[in-house]
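Here is the naming used below: chain letters follow the sequence lines, and residue numbers restart at 1 for every chain. Here the structure is a predicted model, which means the values were calculated and not measured.
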Amino acid sequence: MYTQGLDSLGADCLHQATDAVTLEQRFQSKVDADERIEPKDWMPDAYRQTLIRQISQHAHSEIVGMLPEGNWITRAPSLRRKAVLIAKVQDEGGHGMYLYSAAETLGISRDELIEQLLAGTAKYSSIFNYPTPTWADVGAIGWLVDGAAIMNQIPICRCSYGPYARAMVRICKEESFHQRQGFEIMMTLARGTAEQKRMAQDALNRWWWPSLMMFGPNDATSKHTAQSMRWKIKRFTNDELRQKFIDITVPQAEYLGLKVPDPDLRWDEQTQHYIHGPIDWKEFEDVLKGNGPCNRERLETRRRAHDEGRWVREAALAYAEKQRARDTQAA
Amino acid sequence: MSQQRKQWPLWEVFIRARSGLEHKHVGSIHAVDARMAIEHARDLYTRRQEGVSIWVVRSSDITASDPGEAEALFEPAKDKIYRHPTFYAIPDEVKNL
């Protein structure tokens with residue numbers, strides 16, 4: 001309901017609004033008081049743009065995130081695993097839709113958002129540019145990637161922008177089954193034959209570091225953190241969330257009898273946190289720039305799906321228009 | 001430059017969680033007509049039995065109040081505290097009131 005009125009809104013607002021500084025102060029004091037900003041409320045343009053960027057990246061990640069796991073639907077080892085995986089991938093698609101809707105409330109159309117993804121101008125989480133060569137990868141993604149995503153997303157349930165926060169509440173509720181089914185797959189493999197256990201270890205080796213990178217660059221180099229925290233789009237810094245994730249995940253790996261692939265990892269009695277080795281930010285930058293193992297393949301798959309579905313979208317619209325014309329004539 | 005394609009219209013979705021409760025706004029969806037809007041809303045918003053009934057309405061058909069008029073619209077109710085039962089002091093010994 002929100003997109004249509006937005007264009008005219010700017011002009012309307014200016015009549016009543018005093019000046020930009022007052023508006024901005026009023027906006028910030030609302031945010032400071034933990035009130036929510038809703039689509040038709042006045043907001044600084046930079047706030048709007050930051051949200052469009054963040055929500056659409058998040059939406060694209062959900063959509064592209066269907067691909068690495070979708071790869072295993074036809075080869076899931078049992079009917080139960082297959083039903084679960086289909087449900088999970090369907091959820092990811094749903095999460096993408098909730099988020100696109102939230103982004104649209106900021107005055108950008110769904111078509112524009114999708115075009116940005118397909119043109120490669122919008123980003124999505126770098127994690128989905130890694131391949132899924134074995135079944136254990138499906139377990140590792142659920143356990144680690146969804147685990148990291150939940151850690152990132154729970155604070156966004158209290159984000160200052162209402163539609164984003166509400167979408168996130170739904171997503172977080174649905175996401176916890178994703179993580180548990182992933183851990184269950186890992187548990188089954190870890191308790192299986194030597195070969196299955198090796199497979200689980202191999203998946204952990206490949207997904208551990210990319211999962212840590214999901215929290216984004218170190219606080220010192222993160223260019224958006226300070227402003228986003230002031231606007232309460234973000235509630236914790238990248239490093240804080242990364243640390244939380246490590247602290248809860250390492251004991252889970254120990255429970256599985258698997259080894260976290262970090263020779264420097266150790267428990268620090270004094271801070272009551274794990275200390276981890278250095279992250280290879282060069283790899284992160286490379287994947288982000290489009291040079292990860294699967295960047296090209298992921299985008300090509302999305303473009304093909306979009307192109308091959310075009311006739312369906314057009315036919316459905318043409319049919320609906322014809323029906324409407326017929327109804328008007330009959331009336 | 002490809003010519004701007006026509007987008008599927010936007011609909012707002014309202015769901016009744018179970019009978020006895022009101023329909024509540026849950027989000028929006030794109031669809032070519034009402035029938036498709038209901039079907040897509042069912043796929044998107046009721047994957048876990050979240051509802052027993054769905055309403056959809058074209059987003060462009062909704063008229064919303066202007067946040068700029070919020071004061072004029074809602075402030076007048078603020079000082080009418082006599083509309084609330086707690087405004088009236090009744091002695092403790094009077095029961096059932």
Side-chain angles (χ1 to χ4, degrees), chain A residues 1-5 8-9 12-17 23 30 37-43 87 90-91 93-102 104-105 109-115 118-119 163 166-167 169-170 173-174 177 306 310 312-324 327, chain B residues 1-18 23-51 54-75 78:
Chain A
M1 84 171 88
Y2 313 110
T3 34
Q4 279 77 5
S8 56
L9 190 68
D12 282 355
C13 262
L14 287 179
H15 289 303
Q16 298 140 11
L23 282 171
K30 243 176 119 172
I37 306 301
E38 294 294 340
K40 294 183 81 184
D41 293 339
W42 185 91
M43 60 186 88
Q90 193 191 10
D91 270 356
H95 296 175
M97 297 301 121
Y98 304 154
L99 289 162
Y100 282 132
S101 299
E104 283 175 279
T105 65
S109 74
R110 180 83 55 116
D111 278 359
E112 284 173 89
L113 292 166
I114 289 170
E115 253 156 46
L118 300 182
R166 290 192 288 274
V169 170
R170 281 190 86 89
K173 265 192 213 159
E174 298 181 354
F177 118 67
H306 191 73
R310 174 166 293 129
V312 178
R313 295 192 299 275
E314 287 172 358
L317 198 58
Y319 175 78
E321 275 164 4
K322 200 168 85 180
Q323 286 302 112
R324 244 190 313 274
D327 289 350
Chain B
M1 198 63 202
S2 70
Q3 146 198 10
Q4 183 65 32
R5 288 183 308 278
K6 233 167 133 192
Q7 190 164 231
W8 286 3
L10 192 65
W11 302 71
E12 296 307 315
V13 180
F14 300 80
I15 292 195
R16 185 199 295 286
R18 50 173 201 277
H23 286 77
K24 203 176 148 200
H25 183 242
V26 293
S28 51
I29 201 141
H30 286 275
V32 293
D33 58 21
R35 178 76 223 163
M36 188 197 266
I38 295 235
E39 283 165 4
H40 283 188
R42 169 227 178 240
D43 287 346
L44 189 56
Y45 293 107
T46 66
R47 287 196 302 282
R48 289 174 175 78
Q49 296 185 288
E50 288 93 336
I54 301 173
W55 284 352
V56 291
V57 58
R58 279 285 289 265
S59 308
S60 53
D61 287 342
I62 291 181
T63 308
S65 64
D66 179 352
E69 286 176 27
E71 272 178 36
L73 289 173
F74 309 115
E75 288 276 300
K78 203 172 169 183

- Task: Only counting residues at least two apart or in another chain, list the ones meeting salt bridge (charged side-chain N to carboxylate O under 4.0 Å, His left out) with A:K173.
- Result: none
- Would one find more than 12 heavy atoms of other residues, nucleotides or ligands at under 6.0 Å from atom CD of A:Q323? yes
- Task: State the CZ-CZ distance between B:R48 and A:F177, to the nearest 0.5 angstrom.
- Result: 6.0 Å
Kindly give the heavy-atom pair with the smallest separation between [X] and [Y], and that separation in Å.
| X | Y | answer |
| --- | --- | --- |
| A:D41 | B:P67 | OD1-CB, 3.5 Å |
| A:G94 | B:R47 | CA-NH1, 3.9 Å |
| A:S101 | B:S28 | OG-O, 3.4 Å |

- When B:H30 is tested against each of A:M97, A:E104, A:R313 for side-chain contact (heavy atoms from CB on, under 4.5 Å), which residue passes? A:E104
- Does A:R170 use its side chain to pair, donor to acceptor, with the backbone of B:Y45 at less than 3.5 Å? yes
- Check: B:L44 main-chain N/O paired with A:Y98 side-chain donor or acceptor under 3.5 Å: yes
- Task: Mind checking side chain to side chain contact (heavy atoms under 4.5 Å, CB included) for B:Q49 and listing every partner two or more places apart, or none if nothing turns up?
- Result: none
- Message: Less than 4.5 Å to any heavy atom of chain A: does that hold for the side chain of B:S65, its backbone, both, or neither?
- Response: backbone
- Query: Are side-chain heavy atoms of A:S109 and B:L10 found at a separation under 4.5 Å?
  - Reply: no
- Query: Of the backbone (N, CA, C, O) and the side chain (C-beta and beyond), which part of A:E174 lies under 4.5 Å from a heavy atom of chain B, both, or neither?
  - Reply: both
